[in-house]
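Here is how names work: the chains are called A, B, and so on, in the same order as the sequence lines, proteins then strands, and each is numbered from 1. Owing to the predicted nature of the structure, the values given are computational and were not obtained by experimental measurement.
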Amino acid sequence: MSSENPAPNHFIRQIVMDDLDSGKHASIATRFPPEPNGYLHIGHAKSICLNFGLAQEFGGRCNLRFDDTNPAKEEQEYVDAIKEDVTWLGFHWAELRHASDYFELFHRCALRLIQDGAAYVCDLNAEEVRAYRGTLTEPGRPSPYRDRTIAENLDLFARMRAGEFDDGARTLRAKIDMSSGNINLRDPALYRIRKVAHQNTGDAWCIYPMYDYAHALSDAFEGITHSLCTLEFEDHRPLYDWCLDRLPVWAMPELADELARLELKPGRSRQIEFSRLNLDFLVMSKRKLLALVTDGLVSGWDDARMPTLRGIRRRGYTPEALRNFVRNAGVTKQQSVLEYSLLENEVRNDLDVRAERRLAVIDPLRLTITNLPADHDELLTLSNHPKDESCGTRQVGFSSQLVIEREDFMEVPPKGFHRLVPGGEVRLRSVGIVKCEEVIKDDAGNVIELRCTLDLTSRPGGTGSDRKIKGTIHWVSTRHAMQAEVRLYDRLFTVADPDDDHDGKSYRDYLNPLSVRTVTAFLEGSLKAVEPESRFQFERLGYFVADRLDHRADRPVFNRICTLRDSYAKAK
RNA sequence: UGGGAGAUCGUCCAACGGUAGGACAACGGACUCUGACUCCGUUUAUCUAGGUUCGAAUCCUAGUCUCCCAGCCA
């Protein structure tokens, strides 16, 4: 099995250890808070590994919480997919929560804010609010409704809640500072009117809380100690803290019954930001990913080329490799773009250790052994893993009628070519050394068959088996082979930064037309009855996985996860 | 011209006033019945300018560059 090294230290882990050492927290609590409006991608893996990983390492707890405060965008389908993906990645949540579980609590808190004179109902519409807000460099102006009386605010808010007003007609706003340099503090909206059914609460509410308000309170309700999020929320932190300063939910009697009902143990949380995970040669924004799907540029969210967790899984990447990748990437506040090779490297590391070896030919060239009877039929016993005997052995059929990889033969080889050439010798993996005696061509001059003799003494255990030969190539016996659809994947984009839209280009202009190639390959017969998602190394070709969705015993489909490193190809 | 954040090899991460180190990438070599794996070696970095200090990636000052923010999205 693959090994996962201990967690390297990073600034958030250090904060956690300090808080534990100082006694600020007896144990920690984190949460992974996705909005169920799309599928999870590699970027989310960082947040998942960080939140769940920290809780795991320090004996704390980590909740999965759906940030479902905007019913217009969210769907149950995504909730289900996210749960499945988190589980696949290898994590278990302490509790499954929804922000919508707390709608009653949010509402009571809003009442408290109004009573404290810290929030008011504003009648400005969206456009007017924007005009009053000012700009990045100019302060905003107070809303004409800013100084309503508490009684008036209470009455208006009750009527908002009762559905008396249209969508967008009014908002509940925090009364903070219209001249703040931080735009988030210029009386941000706390509640808006949306007469939309919610996938969880149905028609119970027509006012829904905004992210900043709901998120800070949700963290506090759940007793989250460390609320980890990405850098773009850095200047939301003052608002996060404002909410908890005004609403010490752990000490508000009017919340007690509801908190008890939900079995919540609230506490004050601290928001800490880290930089997102970005990868080159990929796009990661939900919008662009969605466009790839809806425009049919890929086959779906689970297309094996997609950077979604479902796509990555479909492709055959292992959760272990993904976790190692994220761990090695580290956690900082520096914006960064990781090289895709880091991820591939982890996949190869993991699979080299655990994937059994098989023989397969994806671009066949006929090879006949002329000094063996035409009906020669033999079962060879091959080891499943060169470095792990516990993987056992398997039987592979061998005959005089074989196919080899077309690129393993060249009539006019370049210098340094170690494979088959006319009159030359090469070792057939686990069989022995063959010599190419004759090259058969069709009328067009294409090589269609190689006729070779096998040096019988070079067979395993034979007197000449140790004879040094430069090259070893793989093969499959046609009589014993099965054919299968094999999908050869390559990167989806041709440039390192597909998001770069200079020169009027867009990521669509950088799509790799060769990102998938489907071929019919010859596979050794032992591959016949494998389960979907089982992974193998096809020797010298790469790592392959039986497709999770399409693979069937009677119609096998394999995906290439990644190639092997190929120093020869690189040298060419 | 506002507010927030960040600058260390090609990439990512360390070094917490005391020899700038690791991983990946690249390059060279060894090994090899997978041109894989493994092993060995090499190249490459502290944004700039001042200052403090015996000593600065780290502290101070000034500047430069990059990213984020003007949703009733999250």
Problem - A:R161 charged N/C atom sitting above A:W205 aromatic ring, 6.0 Å / 45° - result: yes

Problem - Face-on cation placement of A:R170 at A:F165 ring, 6.0 Å and 45° thresholds - result: yes

Exercise for the section: Would you indicate what A:K470 reaches in the nucleic acid, counting non-hydrogen atoms under 4.0 angstrom: base, sugar-phosphate, or nothing? Expected result: nothing

Practice task
Report which part of the nucleic acid A:I207 touches: base, sugar-phosphate, or nothing (heavy-atom distance under 4.0 Å, all strands).
Solution key: nothing

Exercise for the section: Examine B:C73: is either OP1 or OP2 under 4.0 Å from a nitrogen or oxygen in the side chain of A:T69? Give yes or no. Expected result: no

Problem - Neighbours of RNA chain B within residues 329-347 of chain A, by heavy-atom distance under 4.0 Å - result: A:A329, A:V331, A:T332, A:K333, A:Q334, A:S336, A:V337, A:L338, A:E339, A:S341, A:L342, A:N345

Atom pairs under 3.5 Å: protein N/O with N/O of nucleotides 31-33 of chain B:
{"unit_1": "B:C33", "atom_1": "O4'", "unit_2": "A:R427", "atom_2": "NE", "d": "3.1"}
{"unit_1": "B:C33", "atom_1": "O4'", "unit_2": "A:T472", "atom_2": "OG1", "d": "3.3"}
{"unit_1": "B:C33", "atom_1": "O3'", "unit_2": "A:R429", "atom_2": "NH1", "d": "3.4"}
{"unit_1": "B:C33", "atom_1": "O2'", "unit_2": "A:R429", "atom_2": "NH1", "d": "2.9"}
{"unit_1": "B:C33", "atom_1": "O2", "unit_2": "A:S430", "atom_2": "N", "d": "2.9"}
{"unit_1": "B:C33", "atom_1": "N3", "unit_2": "A:S430", "atom_2": "N", "d": "3.2"}

Exercise for the section: Using a 4.0 Å heavy-atom cut-off across all strands, classify A:Q537 as base, sugar-phosphate, or nothing. Expected result: base

Problem - Among B:C27, B:G4, B:A74, the one nearest A:K570 by side-chain distance - result: B:C27

Practice task
Have a look at A:P386 and say if it touches a base, only the backbone sugar-phosphate, or nothing, with a 4.0 Å heavy-atom cut-off.
Solution key: base

Handout entry: Donor-acceptor pair present, A:D235 side chain and B:G3 base, under 3.5 Å
Key = yes

Exercise for the section: Please identify each residue that fulfils side-chain contact (heavy atoms from CB on, under 4.5 Å) with A:A197, with sequence neighbours left out. Expected result: A:D203

Practice task
Identify whether any heavy atom of A:G416 sits under 4.0 Å from a base atom; if not, whether one sits that close to sugar-phosphate; answer base, sugar-phosphate or nothing.
Solution key: base

Problem - hbond_proxy A:R419 side chain to B:G35 base (donor-acceptor, 3.5 Å cutoff) - result: yes

Problem - Distance-only donor-acceptor check, side chains A:N324 and A:R327, under 3.5 Å - result: yes

Exercise for the section: Treat primed atoms plus P, OP1 and OP2 as sugar-phosphate and everything else as base, then score nucleotides 39-46 of chain B 5' to 3': B for base contact with protein heavy atoms under 4.0 Å, S for sugar-phosphate contact only, - for none. Expected result: --------

Handout entry: Nearest to side-chain heavy atoms of A:S567, which nucleotide of B:C73, B:G35, B:G71
Key = B:G35

Exercise for the section: Mind checking A:D466 for me? I need base, sugar-phosphate or nothing, with any heavy atom below 4.0 Å counting as a touch. Expected result: nothing

Problem - For RNA chain B, stems built from three or more consecutive Watson-Crick or G-U wobble pairs below 3.5 Å - result: B:2-7 with B:64-69, B:10-13 with B:21-24, B:26-30 with B:38-42, B:47-51 with B:59-63

Handout entry: Out of B:U1, B:C72, B:A74, whichever nucleotide has its closest atom nearest the side chain of A:H236
Key = B:A74

Exercise for the section: Describe the nucleic acid contact of A:F325 in one word from base, sugar-phosphate, nothing, applying a heavy-atom distance below 4.0 Å. Expected result: nothing

Handout entry: side-chain contact (heavy atoms from CB on, under 4.5 Å) against A:K288, all qualifying residues, sequence neighbours excluded
Key = A:V283, A:S285, A:D499, A:Y507

Handout entry: Test: A:R358 cationic atom under 6.0 Å from A:F536 six-membered ring centre, within 45° of axis
Key = no

Problem - Residues A:Q14 and A:N9: side-chain donor-acceptor under 3.5 angstrom - result: yes

Exercise for the section: Could you check whether the rings of A:W301 and A:Y39 sit parallel, tilted or perpendicular, using 30° and 60° as the cut-offs? Expected result: tilted

